[in-house]
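In what follows, chains are A, B, ... by sequence order, proteins preceding strands, each numbered from 1.
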Amino acid sequence: MRYQQFYGFLRSNGVKLTLTVLLALGAFWVHLAPALATTNQVVKIALLGEPPNLNSTKATDADSFFIIGHTMEGLTRYDQAGNIVPAVAEKWEINDKTATFKIRKDVKWADGSPITAKDFVFSWRTVVDPKIASEYSFLLYHIKNAEAINTGKKPIQELGVVAKDDHTLEVTFEKPCGYFLALTTFPTYMPVKESFFKAQNGKFGAEASNILSNGPFKLTSWVHGASLRLEKNPNYWDAKSITLDAIDIPYITPNEGTRFNLFKTGRIDTLGLTKNILQDAQREKFKLNKFADGTLFFMRFNFREGRPTANKNLRLALAKVLNTNDFISKVIGIPGTLEGTGLIPSFLQGATKLFRKEYPIAARRQNLAEAKKLIADAKKELKLTGPLSLVWLTGDTPVATSEAEYFQGLFKTHLGIDLKIDKQIFKQRLAKASAGDFDIESAGWGPDYADPMTFADLFTTWNNNNNGKWENKEYDAFIRKAMNTVKPKERMDAMAAAEKILLEEFPIIPTYERTVIYTQADRLTGVVRRSVGFDPDFTRAKIIK
Amino acid sequence: MTQSKSPPGSLPHNQPSSAALGASLNQFTANDFLPANRAGLTSGLSRPSLSYWQDAWRRLRKNKQSLASLFVVSSLLAFVFLGPLVWTVDPNHQDQTQISIGLSMGATAIVIGDRNDWPGLDASPIPAIEESTQELGAPANLRTVDVVSTLGVRLAWDPVPGAAAYAIYRNEIAPEPDRLGVPLGSTQAPERVSYEDNESLQTRRYYYSVVAVNAAGVESTSASTLDLDLKPGMSLDLAQETKADAKEGDIIALRAAPLGTDSLGRDLLARLMFGGKISIFIGLFAAFLETLIGAMIGGISGFFGGRIDNYIMRVTDFVLGLPFLLFVILLKVAMGIGPGESGITALIIALVVLSWPGAARLVRGQVLQMRESEFIHAARMMGARPSYLLMRHMFPNLLGILLVSLTFNIPSAIFAEAFLSFIGLGVAAPAASWGSLCNDSIQNILTHPHEFLAPAITISLTVLAFNLLGDGLRDALDPKMRANE
C-alpha cells in the first residue's frame with residue numbers, strides 16, 4: 001500500500017488557512033475537550049491527514065486502509081499475534097486449483113441485512129472491471145481470468161469466483177498461489193453489497209452515509225478535513241469481543257507540535273514521533289516504543305516519453321551521489337532506520353531464513369568522481385548543453401520538505417542539477433504520480449501481505465502502481481516465473497534475480513526502511529502495531545482505568 | 001494653503017509705517033514724497049530662506065522616532081545588500097558537521113578517520129545458571145570504544161550470564177526506571193556485546209543505557225547507564241576539503257555561525273541576508289509601481305473630473321473588492337507557473353494590480369482640491385496648458401503625499417510577500433525570503449526557536465521601521481496633517 005512520508009499529513013494552503021482559523025478557535029476547543037476525555041471506552045486519536053479514498057475497491061493508501069480496516073472485514077483477518085484467523089468466513093479449504101470459503105450464517109451488514117457470498121463476487125468483479133480502473137486489480141490476478149478481464153479481453157462474468165449458495169464462495173485459481181489466504185484479509189478483497197453500491201450513484205465511499213460497514217466499527221461522522229468518528233457496530237458478528245465504544249478522531253492536524261501538545265494534555269491517546277519532537281518527548285519522560293513497519297522509501301523515476309530520467313546514466317549518477325547513511329542520520333533522524341539497499345525489505349522471509357540474509361546486497365557507497373563522469377555522459381546523450389532541471393514530486397510534510405531540500409542541495413552541488421520541488425498534499429501527490437506528472441517521485445511502499453512478492457511485482461508492466469512506467473521484459477519474466485510456481489526456493493531465486501536487474505537499471509533508488517517510534521497513553525492496552533495489515537489496530541483495544 | 005484670510009470687499013491692510021505717517025499729516029515736506037527706500041526692511045530677514053525639502057528634513061530631524069526608524073531602515077538595507085560582501089558564506093551550502101546548532105563561534109571539531117563497517121565486539125556468551133525466566137543483572141563495565149564524537153559512539157560492555165540479547169537506549173536527560181529514553185535498537189546475537197550509534201547525534205550530553213534481554217524476550221529492569229558529552233566530529237574527507245593536509249586526530253576550527261544553522265546545516269545569517277534581498281526587492285519594487293500607477297490614475301481622475309472621474313472611481317471600488325489570495329493563485333495558474341517555480345512575478349503583478357486604488361484615491365482627492373484653488377485658476381487664466389499645470393503646479397504639491405503613500409506601501413508589500421511565502425505561494429526552494437524562512441522553521445519552533453525568531457524579528461522590525469518612517473515623513477512633508485505640535 002502507498003505510504004506518505006514519515007507521519008505525513010495533508011496540508012494544502014487552503015487547509016493551512018483553515019487551520020489558522022481553527023487555531024484561533026482553539027480556546028473554545030479547550031473547553032470542550034475535557035468533556036470528551038471523561039467518556040469511557042473511547043479512544044481518541046489525531047489523524048495526520050484526511051483519508052484519500054474510503055471505497056474499499058479503489059483505496060491504495062495506508063491512511064484509508066486504517067479506516068477501512070476498522071469498519072470493514074474480509075473473509076479472514078489478522079489476530080493480535082499476526083495469525084490469519086476466520087472472520088466473515090468460518091472455514092475454508094484451499095488447494096492448488098480452487099478455494100472454497102464457508103461464510104458464517106450470522107454475519108450481517110451494519111444495516112442488519114445478511115452478508116452473502118454474492119457480495120464478494122460483486123466486489124471482486126468490480127475490482128477487475130476495466131471501467132472501474134482499480135489500481136489494486138493486479139492483486140486479484142491469481143483468480144482465473146482476472147487479468148484477461150482487467151485488460152478487456154474477456155467479459156466480467158467469466159471471473160473465476162462463484163457463489164454456490166448464499167454461504168459458499170468458490171474461487172478458481174489461474175495459477176497456484178501460496179499466499180492467497182493472506183490476500184483475503186486485504187481491503188481490496190472485502191465485500192461490497194451490490195444494491196447499496198448501486199444506490200450511491202457512483203458516490204460509494206465519498207461520505208459517511210455512502211459507506212456500508214460490516215466490521216467491528218462503523219463510520220458515523222466524517223467532516224472532510226476536520227474530523228471522523230467510528231462507533232461500535234452492534235451488528236458485527238463478534239461484537240461481544242469488542243470493548244471500545246468508539247474511536248474518535250476529533251483532530252486532523254498537520255502540525256507535529258500541535259499533536260505533541262494534544263498528547264501531552266491527554267486529548268489524544270497515541271503519538272507518533274518525528275525527529276523534531278523526539279527531544280521534547282524525552283524531556284517529558286514519555287515511555288517510547290519502536291517497531292519497524294516494513295515500509296520502503298525510494299525515489300521513483302519516470303520513463304514516459306520525453307522524460308530525462310529515462311536515461312540510464314542519469315539515474316546511475318543520482319545513485320552514486322547519494323550518501324544514504326548521512327541522509328538517514330541528518331534528515332530522517334529516527335534511530336533504527338535502516339539503509340534501503342534493495343527492493344525487498346529486511347523483515348520479509350525467504351525460502352528458509354530472512355530473504356535479505358539469503359540474498360545479501362552490498363550497501364551502496366557514495367562515489368562523487370564516478371557520479372560526475374556519469375552525469376557528463378548523460379548530458380551528452382540527452383544533447384543538453386545548459387543545466388538539467390528535474391521535477392521532484394513529494395508530499396508536504398516537514399520530513400518530505402527537508403528531504404527534498406537535502407537532495408536539491410546535493411544534486412546541485414555535485415551534479416549541477418536544478419531540482420524543482422513539487423510539494424503536494426497526499427491525495428494530490430497520488431493523483432499526480434498515477435498521471436505520470438513528475439521526473440522523480442519520492443515514494444513509499446508498505447507490504448500488503450507477508451511475502452517478498454508484495455514488493456517484487458510492483459515494477460512489472462502489468463502493475464497499475466508502477467507509476468514510472470518502467471518496462472523490462474527480463475524483469476517481467478522473472479516475476480512471472482516466481483508467480484507460476486509454489487516451490488519456495490525457485491520463487492525466491494526468481495525474485496532475487498529480478499531484484500538484481502532492478503539494482504542495475506535503477507528504475508527506483510531505495511533510500512530507507514522506516515522505523516516508527518511512538519508513545520501511547522498508559523490507560524490504553526491491546527493496541528496492535530504491525531507491518532502487514534492495517535496499523536495501528538484498535539479493534540481489540542481496551543481502556544483500563 | 002489657498003484660502004485668503006480677508007473677507008471679500010474689505011480694504012487691504014496698510015503697512016505698519018502708514019500709521020505714523022497719518023499722525024504727522026500737517027508736517028509734509030517735499031522729501032516725504034520721494035520713493036521709500038525699503039532696502040533695509042527686506043534684507044533684515046532673521047534666518048536664511050529654506051526650500052521645501054530643507055524644511056522637511058529639518059522637521060524630520062526633530063522627530064526622534066522617525067530618525068531612529070530611518071536609521072533602522074538604512075541598517076537593514078546595508079545588512080541585506082552590503083552584508084553578503086562581508087559575510088561571504090553560501091546560503092545554500094549544507095554543512096553536515098553543524099546541524100541545527102544555536103549561536104556558535106570558534107567551535108572546533110576533531111577529525112575522525114574512516115568509520116565504515118565496525119565489526120563490533122563479540123564475547124563467548126555465558127550460559128544461564130538457572131532457568132531462562134530469571135531476572136538478569138545489568139551489564140558491567142559499560143564503556144566506549146575509539147573516539148567519541150557526533151559522528152558516532154561505539155559502546156561495549158561485559159556479557160551478562162543468560163542474556164539472549166541486549167537492548168540499547170539513549171536519553172537526553174538522566175534516565176529513570178522504565179523511562180530509558182529512545183530505544184535505539186538491540187543486538188541480535190547473544191555473543192554480541194557492542195553497539196554503534198551514529199543517528200543524528202548533536203553536541204550535547206547523552207545518557208546511554210544497556211539492558212539485558214532474556215531468552216523469552218523480556219527486558220531486565222536493571223540497566224547500566226553511561227553519560228557522555230559529545231564533541232563535534234568531522235570526517236577525514238570533509239576535513240581535507242577545507243584543509244588539504246588534515247589527518248586523523250587533528251582539531252579543526254568550524255565555521256562560525258553567529259545565528260546558528262538550520263536543520264540542513266545552512267548558515268542562518270547568510271540565509272537571512274539572502275532572503276532579505278527578495279523581500280526588500282519586492283517591497284520597494286511593488287510599492288514603487290503601485291504608487292506610480294495609482295498616482296497616474298488618481299491624477300487623471302481628479303484633474304478631468306466629471307464623468308471620467310465617476311467611471312474611474314467605480315473601477316477603483318471594484319478593484320478594492322477583489323480578494324488578494326484568490327487573485328494570486330489564479331494568476332499563478334494563468335501564467336503557467338508550475339510547482340517548484342518561483343511565484344514572485346505573479347506576486348508582484350497581483351500586488352500592483354490590487355493595491356493601486358489606495359494611492360489613486362489619495363491623489364484624486366488632493367488634485368480635486370487643488371484644481372479649485374486660486375493659484376491654479378490664476379495659471380489657467382494666464383493660458384497655462386493642462387500639462388504645464390500638472391507638472392509645474394500639481395506634481396510638486398503631490399510629491400509629499402506620494403512619498404508618504406510609498407513608505408506605507410513598502411511594509412505592506414513586504415508583509416504580503418512574507419505571508420504568501422509562508423503559505424507556500426511565494427519563492428521556491430532553494431531561494432528563500434523572510435516569509436519562507438519562517439515557514440521552514442516553524443516546524444522546529446519547539447526544539448530550535450532561534451531558527452524562527454531571527455526572520456520573524458527581522459520582518460517585524462522592517463515593517464515597524466517603515467511604518468514609523470512613513471509617519472514621520474507625513475508629519476515632515478505635510479505639517480498641516482500633523483496631529484500635534
Which atom pair, heavy atoms only, marks the closest approach of K290(A) to L184(B)?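 Here K290(A) and L184(B) meet closest at NZ-O, 2.7 Å.
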
Chain A interface, residue from R170(B), R179(B), H93(B), H448(B) that has the most non-hydrogen pairs under 4.5 Å: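 If we count pairs closer than 4.5 Å to chain A, R179(B) comes out on top.
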
Which of L180(B), N92(B), I329(B), N171(B) touches chain A most, by non-hydrogen pairs under 4.5 Å: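 Between L180(B), N92(B), I329(B), N171(B), the count favours N171(B).
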
Parallel, tilted or perpendicular: which describes the rings of Y208(B) and Y206(B), with under 30° parallel and over 60° perpendicular?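 Y208(B) vs Y206(B) ring planes: tilted.
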
Hey, what's the ring geometry for F327(A) with Y512(A), parallel, tilted or perpendicular (30° and 60° as the breaks)?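 If you compare the ring of F327(A) with that of Y512(A), the planes turn out tilted.
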
Are there more than 12 heavy atoms of other residues, nucleotides or ligands under 6.0 Å from atom NZ of K330(A)?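 Count over threshold, so yes.
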
Among G257(A), S402(A), A404(A), A363(A), which has the most heavy-atom pairs under 4.5 Å with chain B?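 The residue among G257(A), S402(A), A404(A), A363(A) with the greatest pair count is S402(A).
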
Name the member of R283(A), K287(A), K412(A) that forms the most heavy-atom pairs with chain B at distances under 4.5 Å.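 Top option by heavy-atom pairs under 4.5 Å: K287(A).
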
Please classify the contact between [X] and chain A as side chain, backbone, both or neither, with a heavy-atom cut-off of under 4.5 Å.
{"X": "D262(B)", "value": "neither"}
{"X": "D178(B)", "value": "both"}
{"X": "Q94(B)", "value": "side chain"}
{"X": "L264(B)", "value": "side chain"}
{"X": "R266(B)", "value": "side chain"}

Portion of [X] that has a non-hydrogen atom of chain B nearer than 4.5 angstrom:
{"X": "V331(A)", "result": "side chain"}
{"X": "Q408(A)", "result": "side chain"}
{"X": "D326(A)", "result": "side chain"}
{"X": "L278(A)", "result": "side chain"}

What do the steps show when you test E284(A) against K264(A) for salt bridge (charged side-chain N to carboxylate O under 4.0 Å, His left out), and what is the final call? CA-CA 8 Å; E284(A) 292 292 334; K264(A) 199 169 111 182; 3.4 Å; yes

Heavy-atom distance under 4.5 Å between the side chains of F286(A) and F260(A), does that happen here?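 Yes - at least one pair of side-chain heavy atoms lies under 4.5 Å apart.
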
So do the side chains of R356(A) and T341(A) get within less than 4.5 Å of each other, counting heavy atoms only?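 In short, these two side chains touch, coming nearer than 4.5 Å.
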
Whether E339(A) and R364(A) form a salt bridge (side-chain N of Lys/Arg under 4.0 Å from carboxylate O of Asp/Glu) is what I want to check.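 Judged by the 4.0 Å cut-off on N to carboxylate O distance, R364(A) and E339(A) do not form a salt bridge.
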
Does NZ or CZ of R192(B) fall inside the cone over Y166(B)'s six-membered ring, less than 6.0 Å from its centre and within 45° of the axis?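 No, a cation-pi geometry is absent between R192(B) and Y166(B).
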
